[in-house]
Amino acid sequence: RRVHGVTNWDAKMAELFPKGVDIYFDNVGGEILDATLKVMNNFGRIIACGAISSYEDKEEERYGVKNLFYVVAKQLRFEGFLFSKYQSQTKELYAQLEEWVVNGQIKDHQTVLKGFDQLGKAMIGLFSGANTGKMVVEI
């Protein structure tokens, strides 16, 4: 399966992160999570917020996690995250994020399609990996 132009995520992650990964915020799941588990450093942390790669799949067709052993072998901390738990801190969060974006500490990546007629294309692209960062339809 090809995602974002990549067919071998194990090789791509090893290339991108030769020193390994200490913290990984995952909202994709599937093959990308599996490949990331291999390059995690000992005692690393994974924050799981979603699994968009399988939202459209039937339960029996989902990829699953095949490299779960690395959670044990590398003594990783793997924890679920729900934004709703922190909803009372939204104002503070947005102020901090804005400061980081303005200062260049966080890079904001978006794929922008123009026109209401692009809505269908955007939805399909969102679930097929056609976007980089947030998918936006500008009307």
So, do F78 and V65 sit near enough that their side-chain heavy atoms are less than 4.5 Å apart?
no
Does any part of the side chain of L119, heavy atoms only, come nearer than 4.5 Å to the side chain of I139, both counted from C-beta?
no
Side chain to side chain donor-acceptor pair (under 3.5 Å) filter on N103, not counting sequence neighbours, yields none
Is it true that atom CD of E59 has more than 12 heavy atoms of other residues, nucleotides or ligands lying nearer than 6.0 Å?
no
Pairs involving residues 33-54, ordered by first then second residue, that meet salt bridge (charged side-chain N to carboxylate O under 4.0 Å, His left out) (sequence neighbours left out)
D10-K38
Linking I/L/V/M/F/W/Y whenever their side-chain heavy atoms sit closer than 4.5 Å, directly or via other members, would Y86 and L97 fall into one cluster?
yes
Would you call Q75 and N42 a side-chain contact if the rule is heavy atoms closer than 4.5 Å?
no
Measuring only between side-chain heavy atoms, which start at C-beta, is K121 closer than 4.5 Å to I124?
no
State the CG-CG distance between L37 and N67, to the nearest 0.5 angstrom.
6.0 Å
Is there a side chain to side chain contact (heavy atoms under 4.5 Å, CB included) between L93 and F83 once you walk through the steps?
CA-CA 11 Å; L93 166 72; F83 180 78; 3.6 Å; yes
Listing request: all ring pair (Phe, Tyr, Trp, His ring centres under 6.0 Å) pairs with a residue in residues 90-125, at least two apart in sequence or in separate chains.
none
Those residues at least two apart in sequence (or on a different chain) that pass side chain to side chain contact (heavy atoms under 4.5 Å, CB included) with A122 are L113, M135, V137
Residue pairs fulfilling salt bridge (charged side-chain N to carboxylate O under 4.0 Å, His left out) with at least one residue in residues 63-76, sequence neighbours excluded
none
Heavy-atom count check: over 12 atoms from other residues, nucleotides or ligands less than 6.0 Å from Q96 CD?
yes
Which atom pairs, donor and acceptor, lie under 3.5 Å between side-chain atoms of residues 17-29 and protein residues at least two apart or in another chain?
from : atom 1 : to  : atom 2 : distance (Å)
D22  : OD1    : N41 : ND2    : 3.0
Y24  : OH     : D26 : OD1    : 3.0
D26  : OD1    : V28 : N      : 3.1
D26  : OD1    : G29 : N      : 3.0
D26  : OD2    : G29 : N      : 3.3

Which salt bridge (charged side-chain N to carboxylate O under 4.0 Å, His left out) pairs, counting each pair once, include a residue from residues 128-138, with sequence neighbours left out?
K114-E138
Sequence neighbours excluded, which residues qualify as salt bridge (Lys or Arg N to Asp or Glu O under 4.0 Å) partners of K58?
none
Side chain to side chain contact (heavy atoms under 4.5 Å, CB included) partners of F69, counting only residues at least two apart:
A73
same_hphob_cluster(I47, L68) at 4.5 Å side-chain heavy-atom cutoff:
no
Nearest 0.5 Å please: distance from the CG atom of L33 over to the CE atom of M13.
9.0 Å
Pairs in or reaching into residues 76-93: which pass salt bridge (charged side-chain N to carboxylate O under 4.0 Å, His left out), with residues at least two apart or in two chains?
R77-E79
Can you name the salt bridge (Lys or Arg N to Asp or Glu O under 4.0 Å) partners of E15, sequence neighbours left out?
K12
Who else is in V136's hydrophobic cluster (ILVMFWY, side-chain heavy atoms under 4.5 Å, direct or via others)?
V112
